[in-house]
Number of protein chains: 2
Amino acid sequence: MRARTPHRPARPAQPSTTSVALGTAGTGQVETTRADPRQDPLFVQSIDRALQVLSAFHETSRPLTLQDISRITGLGRSAVQRMIFTLRALGYIDRDPDDRGYVPGLRILDHTLDFQRLNPVVVKANPILLELRRMTRERVDLSLRDDLRLVYATRLQSKREILTSTLIGNSVPLFCTSGGWAIMAHLDQAEVEDILHRSDRIRHTPHTLTDLRDLRRAVAETRERGYAVAREQILTGEIALGVAILNAQGDPVAAIHLAGSLAEWSREDFEKQFAPLMIQAARTIGRA
Amino acid sequence: MRARTPHRPARPAQPSTTSVALGTAGTGQVETTRADPRQDPLFVQSIDRALQVLSAFHETSRPLTLQDISRITGLGRSAVQRMIFTLRALGYIDRDPDDRGYVPGLRILDHTLDFQRLNPVVVKANPILLELRRMTRERVDLSLRDDLRLVYATRLQSKREILTSTLIGNSVPLFCTSGGWAIMAHLDQAEVEDILHRSDRIRHTPHTLTDLRDLRRAVAETRERGYAVAREQILTGEIALGVAILNAQGDPVAAIHLAGSLAEWSREDFEKQFAPLMIQAARTIGRA
DNA sequence: CCCTCAGGTATCGCATTGCAATACTCTAGT
DNA sequence: ACTAGAGTATTGCAATGCGATACCTGAGGG
């Protein structure tokens, strides 16, 4: 139990503060405009509870029983049972066919599709990513920033992709990924510090950078170059280029990645070959 | 507005009736064990309402305003506003960065990942699908049945994939797809009739079969062959093989597809080449 | 330039609605 | 056979969410 699902926050972030952030920054202290949304009278408790139930599956890698969910969410048995009933009626939770227990339901994928259809970054990026993969023949990804992590929204497999971990919705931390460095390169140093300090800097490979000085340098280098290069930060034997995508206000909201194998590429070749393409692609997407 | 999102049911299906279905079948009348879950005392209204708000995005291809959502869901402005506030605080809805309006939020993808990690069929199928694509070099998909439609859960692009419509969560109707025929081939004729009659048999290409007699024949042929062959039913120029995946009880709960181009393949070659592989793969997944 | 309209946000009282407690059924394990 | 664990169902009371209403802002338009 408690599978190593990387860094998915059990409790989500604040709502509108993201857009503020810039003016009041300074020391990297994020000024929370609204103290805590979940004790705001506008906050609908029961939605929260229902989504907590759905989110209980984040914690597991097996079907859950009622009491599992009750334990994970901290909600009472009755409440959980009522919600499961409802969520099941609506198709958001199913019974596991063989084993007994509950699993996420099919209807979730309807919302996945909506997200992909409606998110402007994803929509703009997709054709460009396809083109990018056509030209590079390597793995191309788009990830969106969610506070300390990057969530993969589009993944285009390369020729021989074995790992099943190339799934939409997977997330990686900002602090040790090409995309994360690319994004931090577009923030003021105060915010970078804030991010680095709040991240729990877990080592994914023996080469993962975790020292603050190293990470600062990685970000600084990225800032100069205009793109990030990450070697074996998440996966051994993998090299990745990352470029940030800016929204209309100039905030880095997403990143594109290109990942190749160090068995095939030297760092220099990989960069020389692909960095210009990446930068061009990111500009086109972000209209920067 | 009201974009042609194919066949996503605005109102979802009943919960536990699916598993019953078989014993009481007969005339194709599905015996509703529980009259209507949403007037059951166990049914939590406010979850339903919240998810209706999230589902409002099914209807659109642009960001939605509060009143849009209010209109689509039929809920009052106040209620919608409170829910948007909550859903936004939780990350399930975002503000569109440029344009004004709301869009589905990133946190949705967390649940997508859960679904893919936990759904036993998807988990079992993925490695086999990868192998299948390696051998065929064509597009390979896994889709799960949801009443009258098949929802794509895994999609492995082929070499030159242009269309952005190869997204997870996309759905196609049972009645006119290789996967659908493969699934119906494993149901009794009464259920097939029920499905065919309840489907609204829209023509997707000039070659889409819509006549009941033709469709019955397609299913019958599939039943004999053990796999389905669909030519240009959804996409012009495309040929697809479909094989059903059975769960432990022998019900067809999913299907795998192999899609190729008629410019490259004759129907005969495509079948001869790939049908055995497909059947083998489906057996392995379904453990039938 | 002021008015209006559309969109978003906030407040409050009342009754709807969902939770805790409890009890019942079923299956599996010892 | 008894116990434990899982799922399901019912009920009373009060927490909680909805409707009505009002406020704020920016964008057009006369």
To the nearest Å, give me how far apart CD (Q67(A)) and P (dG5(D)) are. 9 Å
Which pair of heavy atoms, one from G242(B) and one from A182(B), lies closest together, and at what distance? O-CB, 3.6 Å
Could you check how far CD of Q81(A) sits from P of dT8(D), rounded to whole Å? 6 Å
Please report the distance, rounded to the nearest Å, between CG in D68(A) and C1' in dG5(D). 11 Å
Write down the distance between CZ (R88(B)) and C1' (dG8(C)), rounded to a whole number of angstrom. 10 Å
Judged by nearest nucleotide, the residue sitting upstream toward the 5' end of DNA chain D, Y102(A) or S46(B), is Y102(A)
Taking atom types as they are modelled, is there a donor-acceptor pair under 3.5 Å from the base of dA20(D) to the side chain of S78(B)? yes
According to ring-ring contact (aromatic ring centres under 6.0 Å, His included), who are the partners of Y152(A), at least two apart in sequence or on a separate chain? H257(A)
N170(B) vs V151(B), test: side-chain contact (heavy atoms from CB on, under 4.5 Å). Steps then yes/no. CA-CA 6 Å; N170(B) 242 336; V151(B) 182; over 6 Å; no
Measure the angle between the two terminal helix axes of the helix from dC1(C)-dG30(D) to dT30(C)-dA1(D), five base pairs each, and quote it to 10°. 30°
A281(A): partners by side-chain contact (heavy atoms from CB on, under 4.5 Å), with sequence neighbours left out: I128(A), L132(A), I256(A)
Whole Å only: how far is the CE atom of M83(B) from the P atom of dT17(C)? 11 Å
Please work out if Q45(A) contacts a base, only the sugar-phosphate, or nothing of the nucleic acid, heavy-atom cut-off 4.0 Å. sugar-phosphate
In whole angstrom, give the distance that lies between atom CZ of R77(B) and atom P of dT11(C). 16 Å
Could you tell me the separation between the CG atom of L75(A) and the P atom of dA20(C), rounded to a whole number of Å? 8 Å
On the nucleotide dT16(C), are OP1 or OP2 found under 4.0 Å from the side-chain N or O atoms that R49(B) carries? no
In chain order, what residues pass the side-chain contact (heavy atoms from CB on, under 4.5 Å) check against A254(B), with sequence neighbours excluded? V121(B), L142(B), L144(B), I245(B)
Which residues satisfy the side-chain contact (heavy atoms from CB on, under 4.5 Å) test with E193(B), sequence neighbours excluded? Q189(B), H197(B), R216(B)
Measure from CG on L66(A) to P on dG5(D) and round the result to the nearest Å. 15 Å
Both T65(B) and R82(A) contact DNA chain C. Taking the nearest nucleotide for each, which residue is further toward the 5' end? T65(B)
Counterpart residues, ring-ring contact (aromatic ring centres under 6.0 Å, His included), relative to Y92(A) (two or more places apart): H111(A)
